[in-house]
Amino acid sequence: MRWTKTLIPTMKEKTPEGAEIPSHVLMLRAGLIAQVMAGAYTYLPLGLRALKKAEQIVREEMDRSGAVEVLMPALTPISLWEKTGRVNAFGNVLIQFKVQRGSRQVHMALGPTHEEVVCEQVARHVSSYRQLPITLYQIQTKFRNEERPRFGVLRTSEFLMKDAYSFDASVEQLNQSYDTMYRAYCRIFDRCGLKYLPVEAESGPIGGDASHEFMVLADNGEDRVVYCPETGYAANVERAEIGPRNVTPPNVPEEPLELVDTPDAGSIEHVSKLLKSKPEQFIKTIIYEVDGQPVAVLVRGDHEVNENKVRRVLKAESVALASPEVIEKVTGAKVGFAGPIGLSIPIWADHDVAGIKNAIVGANQTDKHYKGANLGRDFQVPADHFADLRNAVEGDPAPGGKGTLQIRSAIEVGHVFKLGTKYSSALGARFLDDKEQQHDIIMGCYGIGVNRIIAALIETQHDDNGIIWPISLAPYEVIITPLNVAQEEVMQAAEKLYQELTAAGIEVLLDDRDYRAGVKLKDADLIGIPLRVVVGGRGLAEGNLEVKWRHEAQSFNVPVKGGAAKIAQLVQEERAKYGPKPL
RNA sequence: CGGGGUGUAGCGCAGUCUGGCUAGCGCGUCUGGUUUGGGACCAGAAGGUCGGGAGUUCGAAUCUCCCCACCCCGACCA
């Protein structure tokens, strides 16, 4: 492609208004994308080519894993979502609307994910264990009405997703399907040149190791990942377990319990300022409704309750913060003054609570707290009601008792998940086994955000000058930069090289713009094409082309004679590094 | 949805507080010329519903009210 025949609107140094993180800034500056509205972007030629590259890698590796490609519609009938109750579960995220058809109204929704659609189709066409296992996938635009789209293409209301769904006859089969997908994901992200980390994630109804997220560590990521360099343990903060903790209380005398006035101070931050004490000295009392019943959960003041852990430990279906009415009824005080002393509902506590002496707690009286509260003397928590109930923080012991946990920001690029029979039972996807018994099909689902592959790559692979593409995702593999298009011998050499490389199956961008050298060299760095070939009068006089990898600092000379063949060879070698690997 | 901010030429901004001539600057674009190895220079030109509407006023980018869009923090996120 010739630069002058396509559309690559690059931007000089100025940071585009509103863009803050590197991937967003660079995608705009390099002319990859253009915003249409919040959370919706046009992919310009360069961006689209990169996106298609990512899509093709995903497709190839899904095919190699034995998954079968289909294409489902984005338009779906609302009734499908009503059957599984997800109209409510999605709430505002589901984009739905009514359209007029003749005298009737049709109510539809744009698919935010496709469990319902695929499951209904499979229910119709699969009825025997002989047809299982099977994994279907598609690469398709998804729609979610994000409350707050942000970070360029990292969080948008419309995005390209690879979603796959496995259908199995047994848990063993499911485990195999899951493992197959997991390994395909590793191959995909390897080929995309991403440095990723598979982490344990919240697993929902099946439990155990039923869910992994594929994370790319990046300072601007929205997710928090916990990991332990010593043991290799890695998990989403929502999921991360904490190892055995030292909760021996400090060896100080017990102080008397003292009621103190804390007017209008319903937050830990506020009270700690008022009483001049650290949040670690507080016991935070959070009232939850667990399967409809009020329960108090205690954590240290500087910690956060992890509702998933509460649900697991209490073996509950639902866990939600109690409403202000319930809190006032249970504690007899306004929200913000709950405490364990004199509370008549079940009390659970995180392990660290046992390590606090002379704690500050809510008094269950509006505008009052207690100082000097002590476990055992002033309030009781049964020994079997202590558990790991909070989010991990930096420095916590890792599970297994070895090493400490670190916390990093990350971008989620993929998620594999064992679903179970939630959708198959709701939508009647059943099969007959070899003993003529009917069962619900066991499902797994597997998602990759294709746009996020691009954004995560740029977020982690760039320098001050621009993007540094791996050859597998690069919009073009080679950029030819004739330094002066007015010099006939320069332009002739560039044209010849362009023809020869293109004929050799190399993807080449010829920067034929009549600009000064500096402009073109800066732009070449900005858009990040892996191999740059400079054609200039100086080099030509010596019979040389100046060749440079974007990811290396030094250029090197290649003789003009036989230059195309040599460059094609370099490209092919680089391609091989990111090509398909044996299964 | 709560809090904060922004909206003036394709892009980045000044002007708004304290109303006043024909609304400016840089980049980019176009024309001509000189240049040509890391974002050149000279001369000229085009390009604006000042986010929208209503109001106050002799007069509104500027003041008032309503609305809209976008960005940031938080909540939310299968």
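We name chains A, B, ... by the order of the sequence lines, and we start the count at 1 in each one.
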### Query
Would Val225(A) and Asn236(A) count as a side-chain contact (heavy atoms from CB on, under 4.5 Å) if you check the C-alpha gap in whole Å, the side-chain angles of each, and the deciding distance to 0.1 Å?
CA-CA 5 Å; Val225(A) 166; Asn236(A) 194 306; 5.6 Å; no

### Between rG12(B) and rG51(B) - P atom distance, rounded Å
14 Å

### Message
Distance alone, cut at 3.5 Å: any donor-acceptor contact between the side chains of Glu115(A) and Thr113(A)?
### Response
yes

### Task
Return the nearest nucleotide to the side chain of Arg148(A); candidates are rC73(B), rG39(B), rU29(B).
rC73(B)

### Task
Check every atom of rG38(B), rC72(B), rC77(B) against the side chain of Glu146(A) and return the nucleotide holding the closest atom.
rC77(B)

### Identity of whatever pairs with rG39(B) - Watson-Crick or G-U, under 3.5 angstrom
none

### Message
Tell me whether the side-chain N/O atoms of Gln487(A) come closer than 4.0 Å to OP1 or OP2 in rG37(B).
### Response
no

### Query
Where the side chain of Arg155(A) is concerned, which of rC77(B), rC72(B), rC11(B) is the nearest nucleotide?
rC77(B)

### Along RNA chain B (nearest heavy atom to each residue), the more 5'-positioned of Lys12(A) and Tyr41(A)
Lys12(A)

#### Entry: Arg516(A) vs rG39(B): side-chain N/O to OP1/OP2 distance below 4.0 Å
no

### Query
Per the atom types in the model, does the base of rG37(B) pair as donor or acceptor with the side chain of Asn484(A) at under 3.5 Å?
no

### Message
If you only use heavy atoms from C-beta on, which nucleotide in rG39(B), rC77(B), rC71(B) is closest to the side chain of Val519(A)?
### Response
rG39(B)

### Message
Base, sugar-phosphate or nothing for Arg532(A)? Non-hydrogen atoms, less than 4.0 Å.
### Response
base

### Task
Both distances under 3.5 Å, Watson-Crick or G-U wobble: report the partner of rU18(B), or none.
none

### Task
Among rC72(B), rG39(B), rC71(B), find the nucleotide with the atom closest to the side chain of Ala38(A).
rC71(B)

### rA9(B) to rG3(B) separation - C1' atoms, rounded to the nearest Å
33 Å

### Message
With a 6.0 Å cut-off on the ring centroids, do Tyr446(A) and Phe417(A) count as close?
### Response
no

### Message
With side-chain hydrogen bond (donor to acceptor under 3.5 Å, both in side chains) as the test, pick out the partner of Asp163(A) among Gln138(A), His415(A), Gln140(A).
### Response
Gln138(A)

### Task
Give the nucleotide from the list rG39(B), rC70(B), rG37(B) with an atom nearest to the side chain of Asp523(A).
rG39(B)

### Query
Heavy atoms under 4.0 Å, any strand shown: does Asp525(A) hit a base, just sugar-phosphate, or nothing?
base

### Query
Gly18(A) or Arg150(A): which one's nearest nucleotide on RNA chain B is closer to the 5' end?
Gly18(A)

### Message
Against the six-membered ring of Trp81(A), is Arg86(A) placed for a cation-pi contact (under 6.0 Å from the centre, within 45° of the normal)?
### Response
no

### Message
Under 4.0 Å, heavy atoms only, any strand: does Gly539(A) hit a base, just the sugar-phosphate, or nothing?
### Response
base

### Task
Ignoring the backbone of Lys522(A), work out which of rG12(B), rG38(B), rU29(B) is nearest its side chain.
rG38(B)

